[in-house]
Amino acid sequence: MEYLLEVKDLKTHFYTKKGVIKSVNGISYGLKRGQTLSIVGESGSGKSVSVLSIMRLLPTYAKVDGEIIFEGNNLLNYDDRKMKKIRGNHISMIFQDPMSSLNPTVKIGQQIMEPLLWHHKASKREARQKAIQMLTEVGIPSAKERFDQYPFEFSGGMRQRVMIAMALISEPELLIADEPTTSLDVTVQAQILQLIRKIQERRGTSVILITHNLAVATMVSDYIVVMYGGRIVEKATTKEFLKNPLHPYTLGLLNSTPILKSRKSLNPIPGQPPDLRKLKDVGCPFAKRCSKKMPRCEVENPPEIKVSNTHNVYCWLYV
Ligand SMILES: Nc1ncnc2c1ncn2[C@@H]1O[C@H](COP(=O)(O)OP(=O)(O)O)[C@@H](O)[C@H]1O
Ligand code: SF4
Ligand SMILES: [Mg+2]
């Protein structure tokens, strides 16, 4: 199957007054059409920065290198004008906090129609019709009446549904969801993820889901990418990932994930995620917390081990 998106050796570094922050350090993965890829890892591992690099929603002091091949074209060669045509049209993004992404002073319906009107994809009448249809599709009851309400009149879960409607109305090929359910309670989280899955299946949309919840990732995705300290430490199809997880960090995540383990046997990974400002360029980023560490781990970058065509791990244990 052909890739919709191929990220190749992506590096994103922030040049701040206090020094360089190397948030993403040479990550590569491919996403096939109609599939879901999850990026998992603790907070601060570079997950958000990696997808904001795809969308090019970064401050000017960020330097992005590598290739982001979307439908055969390298987005890193696109200028602002071309990227504006891509964003919200071919690639849409939903964020963790729906309130900060919705304009509190503009009616919900108006905000949902925006991508269609902005990209001249529909007349106002058609856009209104589509917006009401989309609101219904994401499970908002009485969509016609709700169209003229303001964000504060919606609950957190309903606002997240509105964000999904807004992201999908222009029928993007790729939906990026960055921790889309973290601020919601567990039942609503499950509903929202099911909704994304359902719409994805119906429309054939590809999805990148960022989550720090490994259980969620294994439930909804075809492929899993584990990030640590701005690098990928393991990537595999969900099936291979569950059957044969290899990287000590992956094993640590699995051991500390409820649902997959009984609460009694949960073991959190000792230590703290690394401070990216202090992380060295050479050696394994996980070395400080790894119980299997060997002398070479801290001085040589771990090699890429091909477990199969669809499973790679970056660790000296498997040489
Ligand atoms: N705009 C920015 N300027 C400088 N550093 C940033 C910026 N955005 C993120 N970072 C740094 O990049 C690192 C990775 O952040 P992020 O991708 O948000 O992590 P995650 O999404 O995995 O929790 C963090 O250490 C953060 O401080
Ligand atoms: S490379 Fe070494 S330190 Fe890193 S995860 Fe593997 S064994 Fe642990
Ligand atoms: Mg994040």
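Just follow the structure's listing: the first ligand is 1, and inside any ligand the first atom is 1. Because the structure is a prediction, the values reported are computed rather than measured.
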Quiz prompt | Closest heavy-atom pair and its distance - H311, L246 | solution =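 That closest heavy-atom pairing would be CE1-CD1, 4.0 Å.
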Exercise. Mark up the atoms of ligand 1 that fall under 4.0 Å of a heavy atom belonging to V49, in ascending order.
Key: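 With V49 as reference, the close atoms of ligand 1 come out as 8 (N), 9 (C), 12 (O), 15 (O), 16 (P), 17 (O).
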Practice problem: Could you list the atoms of ligand 1 found under 4.0 angstrom from a heavy atom of S45? | Solution: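 Per the distance check, 19 (O), 20 (P), 22 (O).
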Quiz prompt | Heteroatoms of the protein, restricted to N/O/S, which lie under 2.8 Å from atom 4 (Fe) of ligand 2 | solution =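 Protein N, O or S atoms closer than 2.8 Å to atom 4 (Fe) of ligand 2: C284 SG.
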Any ion pair linking [Y] and [X] (charged N to carboxylate O, less than 4.0 Å)?
X	Y	value
K130	E126	no
K239	D222	no
R33	E71	yes
D9	K11	yes

Quiz item: So F152 and Y150, would you call those rings parallel, tilted or perpendicular, with 30° and 60° as cut-offs?
Solution: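 If you compare the ring of F152 with that of Y150, the planes turn out parallel.
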What residue and atom, counting heavy atoms only, is the protein's closest point to [atom], and at what distance?
atom	result
atom 4 (C) of ligand 1	F14 CG, 3.5 Å
atom 18 (O) of ligand 1	S48 CB, 3.6 Å
atom 24 (C) of ligand 1	L276 CD1, 4.0 Å
atom 3 (N) of ligand 1	Y61 OH, 3.0 Å

Quiz item: For T16, is at least one N or O under 3.5 Å away from an N or O on ligand 1?
Solution: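 It does not: no N or O of T16 is found under 3.5 Å from an N or O of ligand 1.
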Quiz prompt | atom 6 (C) of ligand 1 touched by protein heavy atom at under 4.0 Å | solution =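 Looking at atom 6 (C) of ligand 1, one finds that a protein heavy atom does lie closer than 4.0 Å.
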Quiz item: Does atom 27 (O) of ligand 1 have a protein heavy-atom neighbour under 4.0 Å away?
Solution: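 Given the 4.0 Å limit, the answer for atom 27 (O) of ligand 1 is no, no protein heavy atom qualifies.
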Practice problem: Only heavy atoms count here, so choose which of S23, G44, S53 is nearest to atom 23 (O) of ligand 1. | Solution: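 It is G44 whose heavy atom sits nearest to atom 23 (O) of ligand 1.
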Quiz item: Any side-chain heavy atom of L52 within less than 4.5 Å of one from D178?
Solution: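 No. Closest side-chain heavy atoms not under 4.5 Å.
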Self-check item: Flag side-chain contact, heavy atom, 4.5 Å: Q111 against M166
Solution: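 When only atoms from C-beta onward are counted, M166 and Q111 do touch, with a gap below 4.5 Å.
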Quiz item: So which bit of S50 gets within less than 4.0 Å of ligand 1, heavy atoms only: side chain, backbone, both or neither?
Solution: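 Near ligand 1, S50 shows nothing, with every heavy atom at 4.0 Å or more.
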Practice problem: Nearest 0.5 Å please: distance from the CG atom of N301 over to the CG atom of N25. | Solution: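 One finds 9.5 Å between CG of N301 and CG of N25.
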Quiz item: Can a cation-pi geometry be assigned to R146 and F154, taking NZ or CZ under 6.0 Å from the six-membered ring centre and within 45° of the ring axis?
Solution: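 Yes, a cation-pi geometry holds between R146 and F154.
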Practice problem: Keeping the roles fixed (side chain from R87, backbone from M55), state whether a donor-acceptor pair exists under 3.5 Å. | Solution: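 Yes, R87 side chain to M55 backbone: donor-acceptor pair under 3.5 Å.
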